Amino acid sequence: MKLSIVIPCYNEEKTLEAIVDRVLAADRCGLDLEMVIVDDGSRDRSVEVMKELAAKHPEISTQFHGVNQGKGAALRTGFKQATGDIVLVQDADLEYNPNDYPKLLRPLIDGRADVVFGSRFKGGEESRVLYFWHSMGNKLLTLASNMFTDLNLTDMETCYKAFRREVIQSVDIVENRFGFEPEITAKIAHMRPRPRIYEVGISYAGRTYEEGKKIGWRDGVRAFYCIVRYNLFS
């Protein structure tokens, strides 16, 4: 079996090499590795770093957007290129730890799950203490999403989502920015038959806005819109 890790990248020259090193060193439960890095119109040296990494590591393939479109657009591009049996989303910063891969992958490898969410709020793992209102916003969005999808997730907005490839490649992703998270959750929940969805606790080392965090309150408003749109009108 092969694992495809899709990494959207926008202005992450400071962390991209470090996260690639961590992915390469991570326990992948014996799966072969394919890493698809998608640059989304970066204005720093991310493209140069990507090309240097691809030249050193044959596991890496690269895709480039001429202009910035958003995380959802980068993932849409990456998912189309993925050829692995399992597809996993990895941010290009250092907020999410590849050491959590075995927990995310095992339900899929064992044939018990079709989709696995990694939860920052499930408990039992270390998490950096940051913004109260940001945390409350995440929980409110998850609650609203659960009400429409009839799921009992604790962290809908998480980056760490792993899918059987045929599941994620059957979804028509519309959202270009962070609306991807509620959109993909809604569309998976409304598949028939519904995929088997699992959730596992993960660690989280969040960034401050000074350190490069990009999501803002406008994305939260858009997420509420996406929850309604993709659950009721999609």
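Computed from a predicted structure; not experimentally measured. Numbers here simply count residues along the sequence, with the first being 1.
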Residues at least two apart in sequence or cross-chain that pass side-chain hydrogen bond (donor to acceptor under 3.5 Å, both in side chains) with Thr77, listed by chain then number, are His65
One should read off an interatomic distance between Glu12 CD and Asp40 CG, to the nearest 0.5 angstrom, of 11.0 Å
- Query: In terms of heavy-atom contacts, does CG of Asn152 have more than 12 from other residues, nucleotides or ligands at under 6.0 Å?
  - Reply: no
For Glu48, the side-chain contact (heavy atoms from CB on, under 4.5 Å) test, sequence neighbours excluded, returns Arg45
Taken in chain and number order and not counting sequence neighbours, the residues that satisfy ring-ring contact (aromatic ring centres under 6.0 Å, His included) with Phe178 are none
Taking every heavy atom of Ser119 against every heavy atom of Asp155, the minimum-distance pair comes out as OG-CB, 3.6 Å
Glu199 meets the side-chain hydrogen bond (donor to acceptor under 3.5 Å, both in side chains) criterion, sequence neighbours left out, with Thr154
Of all heavy-atom pairs linking Gln69 and Ala73, the shortest is CB-CB, 3.5 Å
What's the verdict on side-chain contact (heavy atoms from CB on, under 4.5 Å) for Arg106 and Cys29, showing C-alpha distance, side-chain angles and the deciding distance?
-> CA-CA 8 Å; Arg106 185 52 62 188; Cys29 301; 3.6 Å; yes
Taken in chain and number order and not counting sequence neighbours, the residues that satisfy side-chain contact (heavy atoms from CB on, under 4.5 Å) with Ala223 are Leu141, Glu157, Pro182
Arg196 and Asp114 ion-paired at < 4.0 Å
yes
Sequence neighbours excluded, the answer for side-chain hydrogen bond (donor to acceptor under 3.5 Å, both in side chains) partners of Tyr198 is none
All heavy atoms of Ser145 vs all of Thr185, minimum pair found to be OG-CG2, 3.8 Å
By side-chain contact (heavy atoms from CB on, under 4.5 Å), Arg222 pairs with (sequence neighbours left out) Glu175, Tyr225, Cys226, Arg229
Classify the angle between the aromatic ring planes of Phe79 and Phe163 as parallel (below 30°), tilted (30 to 60°) or perpendicular (above 60°). perpendicular
Those residues at least two apart in sequence (or on a different chain) that pass salt bridge (charged side-chain N to carboxylate O under 4.0 Å, His left out) with Arg194 are none
Across all chains, not counting sequence neighbours, the side-chain hydrogen bond (donor to acceptor under 3.5 Å, both in side chains) partners of Glu166 are Arg164
Candidate pair Lys71 and Asp91, rule salt bridge (Lys or Arg N to Asp or Glu O under 4.0 Å), full reasoning: CA-CA 9 Å; Lys71 179 178 180 178; Asp91 280 351; 3.2 Å; yes
For Ser135, the side-chain contact (heavy atoms from CB on, under 4.5 Å) test, sequence neighbours excluded, returns Phe121, Lys139
Open item on the list: Does Lys51, at its NZ atom, have more than 12 non-hydrogen atoms belonging to other residues, nucleotides or ligands within less than 6.0 Å?
Closed with: no
Applied to residues 22-37, the side chain to side chain donor-acceptor pair (under 3.5 Å) test, sequence neighbours excluded, yields Ser4-Glu34, Glu34-Thr83
Scanning both residues in full, the closest heavy-atom pair of Cys9 with Leu16 reads SG-CD2, 4.1 Å
- Query: What do you reckon, is NZ of Lys14 surrounded by more than 12 foreign heavy atoms closer than 6.0 Å?
  - Reply: no
Tell me whether Tyr96 shares a hydrophobic cluster with Leu75, the cluster being built from Ile, Leu, Val, Met, Phe, Trp, Tyr side chains joined at under 4.5 Å.
no
Those residues at least two apart in sequence (or on a different chain) that pass salt bridge (charged side-chain N to carboxylate O under 4.0 Å, His left out) with Glu17 are Lys56
